[in-house]
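Worksheet: the structure to be examined is printed underneath.
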Amino acid sequence: MTSSEQIPTSVSGNEAMWHQTACNLCSVNCGVEIKLADDGRTFARVRGDKNNPVSLGYTCEKALRLDHYQNNPHRLTSPMRRRDDGTYEEVDWDTAIREVAAGLAKVRDEHGGETIFYYGGGGQGNHLPGGYSGATRKALGMKYSSNALAQEKTGEFWVDGQLFGAMSCHTTPDMEHTACGVFLGKNPWHSHGIPRARTVIKEMANDTDRTLIIIDPRVTESAEIADIHLRVRPGGDAWLLGAMLKILVTEDLADRAYLADRANRLDELEAMLAIVDLDEWADKAGVPLDQIRHATMTMAQAESCAIFEDLGIQMAPHSTLNSYLEKLIFILTGNFGVKGGMNLHTAFGKLAGGGGGGDRRTPVGNHRILGGLMPCNGIPDEILTTHPDRLRAAFVESSNPVHSLADTKRWREAFEALEFSVVIDVAMTETAECADYVLPTSTQYEKAEATFFTFEFPENFFHLRPPVVDPIDGVLPEPEIHRRLCHELGVYTDDDLAPLHAAATQGLDAYADAFLSVIAASPDLGRYLPVVLYETLGPALPEGMESAAAIWGLSQTFVTSNPESAARAGHSSGNDLFNKILDNPSGVAFSSDPYEATWDRMRYDDKKINLIVDELVGEFRSLADEDPRVTNDEYPFILAAGERRSSTANTAMRDPKWRRKHPTTGLRLHPDDAATLDVEHGAKIRIVTKAGEAISNVEISDSMQPGMVSLPNGQGLSWPGVDADTDLGVYLNELTSVEDRDWFAGTPHHKHVRARLEKV
Ligand SMILES: Nc1nc2c(c(=O)[nH]1)N[C@H]1C(S)=C(S)[C@@H](COP(=O)(O)OP(=O)(O)OC[C@H]3O[C@@H](n4cnc5c(=O)[nH]c(N)nc54)[C@H](O)[C@@H]3O)O[C@H]1N2
Ligand SMILES: Nc1nc2c(c(=O)[nH]1)N[C@H]1C(S)=C(S)[C@@H](COP(=O)(O)OP(=O)(O)OC[C@H]3O[C@@H](n4cnc5c(=O)[nH]c(N)nc54)[C@H](O)[C@@H]3O)O[C@H]1N2
Ligand code: SF4
Ligand SMILES: [Mo]
């Protein structure tokens with residue numbers, strides 16, 4: 001590793017101008033404009049991009065600190081190879097590509113390509129580069145993959161599939177227009193998740209005709225401004241939602257005309273809800289019954305209601321069941337397929353959703369593969385075994401699973417047990433430190449970049465971001481890495497691509513014609529599509545935009561499969577859409593729908609909602625006997641391991657200096673608990689779980705419930721020269737266990753880690 005700070009490089013474009021791009025620190029990817037300093041590299045100023053059609057100039061305080069991501073002294077600038085003693089040496093790119101291809105091919109030849117697994121491919125940014133891995137994966141015959149979605153959203157996706165007919169039927173809340181916005185286990189003030197979150201929820205709260213409802217055990221910043229805050233017991237949501245559903249069906253609040261028209265199996269659902277004893281369930285939920293009834297009536301009687309569920313229920317007990325019960329609420333109140341409610345949106349590119357509804361299983365643990373993704377908590381089991389079909393090699397890209405997934409110790413053991421591993425990253429991460437090879441790549445501001453978080457409805461948007469600065473020396477963008485790997489693996493020859501090279505110089509129409517005939521003649525080339533496009537069309541694109549070549553393919557696919565949505569947004573063909581994407585550095589609407597489109601998008605033949613998810617009925621019944629009020633003497637606290645705060649951004653921001661203005665590394669604790677433990681604000685405290693222990697400073701806060709504590713996510717990242725105990729924050733997943741997970745989807749219970757606190 002060498003420092004990037006002294007490497008002078010030329011600048012793309014005019015130094016004095018504002019460069020349109022996006023913030024990569026959360027999934028809404030607000031459009032921002034960046035002005036470079038005189039050195040042509042430092043982000044001197046960052047401001048919201050008013051021309052971005054989604055964020056309209058909005059940002060939060062985090063975007064202003066993006067320079068810590070782009071310019072820091074610990075960027076990787078050379079491929080690294082691990083020596084036998086565990087240290088690393090720099091190797092040149094030719095050597096790295098040759099040895100990585102050979103190492104992976106050896107595992108494929110000896111054990112089959114399906115024993116090499118792929119993890120990552122993009123986080124809150126960087127999905128476009130990850131898309132190019134598809135070629136390398138096919139070249140090696142890889143079958144199993146996963147990413148962070150399989151530790152939060154796969155249960156929800158699967159429930160959507162059961163209710164609406166396919167996992168691609170992803171629901172999105174119309175918070176902009178809703179009369180009643182509900183956030184369940186979500187703190188939009190900090191975590192966003194919807195465009196312009198703070199503005200939208202403030203408008204909702206300030207408007208006397210609209211209602212903002214927050215369901216969270218903590219008094220979050222969002223709860224502080226909400227009209228209604230249901231302060232649920234940690235882990236108590238299943239009982240709360242069960243009680244709400246019971247009130248809807250027994251107190252004449254369900255929209256029965258809508259249900260008769262739009263849904264099947266209402267009678268079975270009413271039978272399922274018969275077990276709910278309202279007083280008992282309200283007590284288990286920790287919320288007074290009159291508050292539950294008031295909130296339920298408000299949701300049912302509002303002109304429209306939209307619900308956003310997130311980690312507070314998805315990473316808590318009964319995760320998949322919670323998603324099911326939450327969705328029943330907007331369905332029973334007639335809020336699916338309507339303005340201000342929940343709708344099915346188009347997608348430009350795919351994040352997950354393929355791979356069926358869980359019929360595929362993992363080779364060793366027999367875990368359900370939902371949306372094509374192995375459940376994250378189950379992956380170490382697939383490696384640390386003598387089973388003949390175990391996973392033997394890993395390809396990790398743009399992700400840091402050793403740090404971000406449960407039980408770091410077990411993940412390190414798993415990496416040790418692999419026969420071969422490679423990581424593509426911008427930094428020497430905790431995962432990179434376990435790999436045989438580390439390949440350094442350009443940052444998201446050094447290449448054409450985009451995410452596929454295209455969740456908006458009725459209009460949906462795509463933002464292709466041009467590079468802001470030139471790449472530093474020594475790195476390659478991911479598409480180039482995958483192109484070189486595919487060549488090294490010998491999957492096609494230069495001759496195969498000659499007609500495409502020639503056509504690319506004659507414009508997109510000629511290219512499209514040549515493409516169809518080349519693929520018809522050699523269908524095998526289609527398997528390596530992203531890199532074929534990158535290699536042939538890439539060089540014909542504007543300078544710096546080579547990595548956008550795959551977007552040409554996605555534009556064709558989108559317009560062919562959604563001609564009406566594309567036409568309503570003004571796009572007549574795939575080439576037309578692609579050109580507009582290239583011409584609009586602030587983003588463009590690729591799709592526009594009427595609200596009825598949701599019903600067309602339903603995948604059951606009769607276009608009706610299936611109200612009964614058979615696999616989850618047994619779990620619902622078991623709620624009658626389970627009691628969340630019972631405490632654990634050995635571990636009396638519930639630790640929410642991973643709260644989103646002003647200075648958390650998963651592991652994208654490694655430099656602790658980025659937290660200087662918002663120093664939030666502490667363990668939040670209720671004043672009563674602090675008094676019992678006899679600790680003061682700022683004191684050190686030891687947190688002990690069954691998996692491990694850590695030291696944190698204490699932040700006394702009456703936003704907490706007694707018995708509940710919380711730690712911020714994404715901290716404890718190594719950074720040379722910094723005192724780990726005081727400035728780095730807690731390395732959370734040294735405290736979590738892989739076995740604490742949802743029985744169905746395998747999603748972790750990170751919001752519900754049993755812990756003991758000890759004064760230091
Ligand atoms: N600032 C910032 N924003 C981010 C990120 C970031 O790192 N930093 N990460 C992004 C990512 S990847 C994601 S997935 C989202 C996540 O976004 P959120 O899900 O909103 O984030 P969290 O703060 O983890 O959890 C939300 C809330 O769940 C509550 N909670 C804890 N236990 C329970 C419970 O038992 N029931 C209920 N109902 N609530 C509970 C917590 O008190 C917390 O306020 O944020 C995104 N946005
Ligand atoms: N205990 C606990 N654990 C959690 C959570 C929690 O709440 N509690 N939250 C979870 C959630 S919701 C999520 S989404 C995950 C996120 O965890 P991950 O999926 O691991 O994602 P990130 O932390 O965003 O890691 C992104 C990686 O990409 C690298 N990177 C940045 N730019 C580029 C680039 O241009 N190219 C490449 N190749 N690499 C790049 C960064 O250096 C970093 O290593 O964490 C999860 N982990
Ligand atoms: S972190 Fe803030 S500025 Fe960045 S995308 Fe998210 S909301 Fe926008
Ligand atoms: Mo996430």
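Hydrogens, waters and symmetry mates are skipped; everything else that's a heavy atom, side chains included, is used. Because the structure is a prediction, the values reported are computed rather than measured. One-based numbering, in listed order, for ligands and for the atoms of each.
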Inset, instruction - Give the numbers and elements of all ligand 1 atoms closer than 4.0 Å to a heavy atom of Lys62. - result: 1 (N), 2 (C)
Inset, instruction - Indicate yes or no: at least one non-hydrogen side-chain atom of Pro217 is less than 4.5 angstrom from one of Arg233. - result: no
Inset, instruction - Return the option from Lys751, Gln314, Lys153 holding the heavy atom at the smallest distance from atom 32 (N) of ligand 1. - result: Lys751
Inset, instruction - List the closest protein heavy-atom neighbour of atom 40 (C) of ligand 1: residue, atom name, distance to the nearest 0.1 Å. - result: Pro217 CD, 3.2 Å
Inset, instruction - Determine the interplanar angle of the Phe43 and Tyr445 rings, folded into 0 to 90°, and report it as parallel if under 30°, tilted if 30 to 60°, perpendicular if over 60°. - result: perpendicular
Inset, instruction - Please work out which of the three classes, parallel, tilted or perpendicular, describes the rings of Tyr731 and His403, given edges at 30° and 60°. - result: tilted
Inset, instruction - Could you tell me if the ring centre of Phe453 sits under 6.0 Å from that of His463? - result: no
Inset, instruction - Kindly confirm or rule out an N or O of Gly642 lying under 3.5 angstrom from an N or O of ligand 1. - result: yes
Inset, instruction - Could you see which bit of Asn147 sits under 4.0 Å from ligand 2, with heavy atoms only: side chain, backbone, both or neither? - result: neither
Legend entry - Thr736, any N or O under 3.5 Å of ligand 2 N or O: no
Inset, instruction - Go through ligand 2 atom by atom and flag the ones less than 4.0 Å from a non-hydrogen atom of Lys447. - result: 34 (C), 35 (O), 36 (N)
Inset, instruction - Using only heavy-atom distances, determine whether the side chains of His670 and Gln705 contain a donor-acceptor pair under 3.5 Å. - result: no
Legend entry - Interfacing atoms of ligand 1 (cut-off 4.0 Å, heavy-atom, Gly185): 19 (O), 26 (C), 27 (C), 28 (O), 37 (C), 38 (N), 39 (N)
Inset, instruction - Quick one: look at Asp237 and ligand 1, take heavy-atom pairs under 4.0 Å, and tell me if it's side chain, backbone, both or neither. - result: side chain
Inset, instruction - Classify the contact between Thr441 and ligand 2 as side chain, backbone, both or neither, using a heavy-atom distance cut-off of under 4.0 Å. - result: side chain
Legend entry - Nearest neighbour of atom 20 (O) of ligand 2 from the list Asn713, Leu732, Asn400, on a heavy-atom basis: Asn400
Legend entry - Atoms of ligand 1, numbered as shown, that sit under 4.0 Å from any heavy atom of Gly235: 34 (C), 35 (O)
Inset, instruction - Using a strict 4.0 Å cut-off to heavy atoms of Thr429, name the atoms of ligand 2 that fall inside it. - result: 44 (O)
Legend entry - Note: Asp740-Lys690 ion pair, threshold 4.0 Å (strictly below): yes
Legend entry - Part of Gln151 within contact of ligand 2 (heavy atoms, under 4.0 Å): side chain
Inset, instruction - Compute whether any side-chain donor of one residue and acceptor of the other, for Ser737 and Asp407, lie under 3.5 angstrom apart. - result: no
Inset, instruction - Could you tell me whether Asn24 approaches ligand 2 through its side chain, its backbone, both or neither, with non-hydrogen atoms closer than 4.0 Å? - result: neither
Legend entry - Atom indices of ligand 1 within 4.0 angstrom of Pro234 heavy atoms, with elements: 35 (O)
Legend entry - Sub-6.0 Å ring centroid separation between His229 and Phe183: no
Inset, instruction - Mark up the atoms of ligand 1 that fall under 4.0 Å of a heavy atom belonging to Glu643, in ascending order. - result: 23 (O)
Legend entry - Numbering as shown, the atoms of ligand 1 that approach Asp216 to under 4.0 Å (heavy-atom distance): 27 (C), 28 (O), 29 (C), 41 (C), 42 (O), 43 (C), 44 (O)
Legend entry - Arg218 neighbourhood, listing ligand 1 atoms whose heavy-atom distance to it stays under 4.0 Å: 41 (C), 42 (O), 43 (C), 44 (O)
Legend entry - Other residues, nucleotides, ligands: >12 heavy atoms within 6.0 Å of Asn632 CG: yes
Inset, instruction - Classify the side-chain pair Tyr118/Glu397 by whether it contains a donor and acceptor separated by less than 3.5 Å. - result: yes
Legend entry - Per-residue contact class, Cys26 against ligand 1 - non-hydrogen pairs under 4.0 Å: side chain
Legend entry - Interfacing atoms of ligand 2 (cut-off 4.0 Å, heavy-atom, Asn733): 1 (N), 2 (C), 3 (N)
Inset, instruction - Among all protein heavy atoms, pick the one closest to atom 18 (P) of ligand 1 and tell me residue, atom and distance. - result: Ser191 OG, 3.5 Å
Inset, instruction - May I ask you to identify, for Thr651, whether its side chain, its backbone, both or neither come under 4.0 Å of ligand 2 on a heavy-atom basis? - result: both
Inset, instruction - Heavy-atom distances under 4.0 Å are what count here, so tell me which part of Ser442 touches ligand 2: side chain, backbone, both or neither. - result: backbone
Legend entry - Nearest neighbour of atom 6 (C) of ligand 2 from the list Ser404, Pro129, Ala641, on a heavy-atom basis: Ala641
Inset, instruction - Please identify which atoms of ligand 1 are closer than 4.0 Å to at least one heavy atom of His190. - result: 1 (N), 2 (C), 3 (N)
Legend entry - Geometric N/O contact Tyr119 with ligand 2, under 3.5 angstrom: no
Inset, instruction - Name the closest protein heavy atom to atom 19 (O) of ligand 1, giving the residue it belongs to and the distance to 0.1 Å. - result: Leu311 N, 3.0 Å
Inset, instruction - Report yes if Thr443 has an N/O atom closer than 3.5 Å to an N/O atom of ligand 2; otherwise report no. - result: no
Inset, instruction - For ligand 1, indicate whether the residue Thr220 contacts it via side chain, backbone, both or neither (heavy-atom separation under 4.0 Å). - result: side chain
Legend entry - Nearest option to atom 9 (N) of ligand 2, as decided by whichever heavy atom of Arg644, Glu152, His750 sits closest: Arg644
Legend entry - Exercise: do Ser323 and Glu309 side chains pair donor with acceptor under 3.5 Å: yes
Inset, instruction - Show which atoms of ligand 2 fall inside a sub-4.0 Å distance from at least one heavy-atom site of Tyr69. - result: 31 (C), 32 (N), 33 (C), 35 (O)
Inset, instruction - Decide whether His170 and Glu156 meet the rule of one side-chain donor and one side-chain acceptor closer than 3.5 Å. - result: no
Inset, instruction - Specify side chain, backbone, both or neither for Gln124, according to which of its non-hydrogen atoms lie closer than 4.0 Å to ligand 1. - result: side chain
Inset, instruction - Taking atom types as modelled, find out whether Ser319 and Asn322 have a side-chain donor-acceptor pair closer than 3.5 angstrom. - result: no
Legend entry - Contact check: Leu405 vs ligand 2, nitrogen or oxygen atoms, below 3.5 angstrom: no
Inset, instruction - Taking atom types as modelled, find out whether Lys186 and Ser191 have a side-chain donor-acceptor pair closer than 3.5 angstrom. - result: yes
Legend entry - Pair Gln124-Asn24, side-chain donor/acceptor within less than 3.5 Å: no
